[in-house]
Amino acid sequence: MSIATASPQKSAAPVQVWAIAGAVGIGKTGWILQQIEQISAPVVYFCPSAGNVPIDPTCLIAEFPHVQIFTDGQELELIEKVEQGAIALIELGFHLDLRSGDMLLETLAANSALKKIALVPLGLANSEWHHWADQVIEVKYDLDFHDLQIWRSPFTGQVFDPSSLNVLWYEITQGAYGEVTRVKGIFDLFDGRAFHLDFVAGMEDSLYLPLDVPLWLDGRPERFSGIEVVGRNLDGKAIAQCIIDCCLSEEIMLHYQNQIKQSHQQSRQVAA
């Protein structure tokens, strides 16, 4: 998916607050990551209504640990950081009413330059995004983004082995629990690694990206993991049961972790 980018450095007036909206799977988070790479000032990020399934914030902080993440209920702290000179990137999920963030954006715009960016399907005209945005970026996009459901679930502390995760991912993405447009999630594996998985209908392959986080080999991970499924006629109860069925038991998880720790210890002894 190719996206034309808008650079903060090229704006006529310094923009301190960027609000980004668009269709599901169109590349909003990717656009934000491109901007962060160009910004030298302190950066803060806010994704309203991420709730207890903060997949994008978790991926972002793993790649850019200097970015400060804000969540619902921390709007006053966000405003204070912007007043202190931070650049704010606010990502509005496709499922949100664009007007839901108006009060926060108006408050931020009172003392800081604000720009609203909308990523829209190529050829689309006169949409709510066009009326809302200061700048529209057209993207080649073939998905039907109308009348979509969203199903989310955290499963922090749960661990998978590669084969069980492959079963879960295959069944969800191939339509076993409804017509799926987009799936993304963060999963902990028994070897201590965490992965970000991402699927958009029409993609040749899903993305499997390891997160740059410490290995977790001491019991159940105490860091976020979870999933978000977007589509139509979703059977959330069946998805939840599949997740439960694919997670490793306490006994098996600890067995794997002990094996891996022993292997690491033997490797260090040999190296010494």
Side-chain angles (χ1 to χ4, degrees), residues 3-61 64 66-121 124-139 141 145-146 148 150 152 228 230:
I3 302 176
T5 61
S7 169
Q9 281 71 21
K10 296 181 180 179
S11 180
V15 175
Q16 198 172 349
V17 180
W18 297 79
I20 301 90
V24 61
I26 203 167
K28 297 183 292 296
T29 305
W31 187 92
I32 286 172
L33 297 180
Q34 291 176 355
Q35 308 317 306
I36 292 174
E37 291 176 344
Q38 303 177 48
I39 298 172
S40 57
V43 178
V44 297
Y45 170 87
F46 178 46
C47 182
S49 298
N52 61 351
V53 188
I55 295 171
D56 290 337
T58 301
C59 294
L60 190 151
I61 199 67
F64 298 102
H66 67 283
V67 174
Q68 187 169 0
I69 305 295
F70 288 90
T71 58
D72 293 320
Q74 294 183 308
E75 289 84 354
L76 292 179
E77 292 93 331
L78 171 66
I79 293 168
E80 183 178 355
K81 284 293 182 181
V82 172
E83 290 175 346
Q84 294 171 355
I87 304 296
L89 293 160
I90 300 174
E91 181 174 1
L92 302 176
F94 79 94
H95 57 290
L96 297 179
D97 185 331
L98 288 175
R99 296 168 296 179
S100 63
D102 281 354
M103 184 175 295
L104 174 61
L105 295 180
E106 289 172 4
T107 302
L108 290 168
N111 297 306
S112 307
L114 164 69
K115 191 163 189 178
K116 300 176 183 177
I117 301 290
L119 275 60
V120 304
L124 180 68
N126 197 33
S127 70
E128 60 176 343
W129 292 304
H130 289 82
H131 294 293
W132 172 84
D134 300 312
Q135 179 181 350
V136 169
I137 300 173
E138 293 190 327
V139 180
Y141 180 89
F145 55 84
H146 298 95
L148 293 173
I150 183 168
R152 293 167 159 175
E228 176 179 296
V230 178

For this session: Output the distance between atom CD (Gln34) and atom CD1 (Ile39), rounded to the nearest 0.5 Å.
Result: 11.5 Å
For this session: Measure the spacing between CH2 of Trp132 and CG of Asp97 and express it to the nearest 0.5 Å.
Result: 11.5 Å
Exercise. Got Leu104 and Ile79 here, is their nearest side-chain heavy-atom distance under 4.5 Å?
Worked result: yes
Problem set entry | Check: Glu228 and Ile150 side chains under 4.5 Å, non-hydrogen atoms | yes
Exercise. Looking only at heavy atoms, what is the nearest atom pair of Ala88 and Leu78, with distance?
Worked result: CB-CD1, 4.4 Å
Problem set entry | Interatomic spacing from CZ in Phe64 to CD in Glu37 - rounded to 0.5 Å | 4.5 Å
Seminar exercise, completed: Closest non-hydrogen atoms of Pro48 and Leu96, given as atom of the first, atom of the second and distance, are O-CD1, 3.7 Å
Exercise. Is the backbone N or O of Ser127 less than 3.5 Å from a side-chain atom of His130, with the two atoms forming a donor-acceptor pair by type?
Worked result: yes
Problem set entry | From Thr71 atom OG1 to Asn52 atom CG, the distance as rounded to the nearest 0.5 Å | 11.5 Å
Exercise. Does the side chain of Trp129 come within less than 4.5 Å of Val136's, by heavy atoms?
Worked result: no
Problem set entry | Expected output: side-chain Glu91 to main-chain Lys28 donor-acceptor under 3.5 Å | no
Exercise. At what distance, to the nearest 0.5 angstrom, does OG1 of Thr29 lie from CG of Asp56?
Worked result: 3.5 Å
Problem set entry | Test item: Glu77 and Val44 side chains (from C-beta on) under 4.5 Å apart, heavy atoms | no
Problem set entry | Donor-acceptor contact present, side-chain Glu75 to main-chain Gly73, <3.5 Å | yes
Seminar exercise, completed: Here the gap from Trp18 atom CH2 to Leu105 atom CG, rounded to the nearest 0.5 Å, amounts to 13.5 Å
For this session: Compare every heavy atom of Pro54 with every heavy atom of Thr58, then report the nearest pair and how far apart it is.
Result: OG1-O, 2.7 Å
For this session: Answer yes or no: is there a side-chain heavy-atom contact under 4.5 Å between Phe145 and Ile26?
Result: no
Problem set entry | side chain to side chain contact (heavy atoms under 4.5 Å, CB included), paired with Leu89, selected from Ile117, Leu60, Val17, Ile20 | Ile20
For this session: Return yes if some donor-acceptor pair links the side-chain N/O of Tyr141 with the main-chain N/O of Val24 below 3.5 Å, else return no.
Result: yes
For this session: Take Phe46 and Gln74 through the test side chain to side chain contact (heavy atoms under 4.5 Å, CB included) and record every step on the way to the result.
Result: CA-CA 9 Å; Phe46 178 46; Gln74 294 183 308; over 6 Å; no
For this session: For residues Cys47 and Pro57, report the shortest heavy-atom separation together with the two atoms involved.
Result: CB-CG, 4.4 Å
Problem set entry | Beyond-backbone contact of Phe94 with Val230, side-chain heavy atoms, under 4.5 angstrom | yes
Problem set entry | Minimum-distance pair of heavy atoms, taken over all atoms of Ala113 and Pro14 | CB-O, 3.1 Å
Problem set entry | Over 12 foreign heavy atoms within 6.0 Å of NZ, Lys81 | no
Exercise. Are Ile90 and Leu92 close enough that some pair of their side-chain heavy atoms sits under 4.5 Å apart?
Worked result: yes
Problem set entry | Within-4.5 Å side-chain heavy-atom neighbours: Lys116 and Leu98 | no
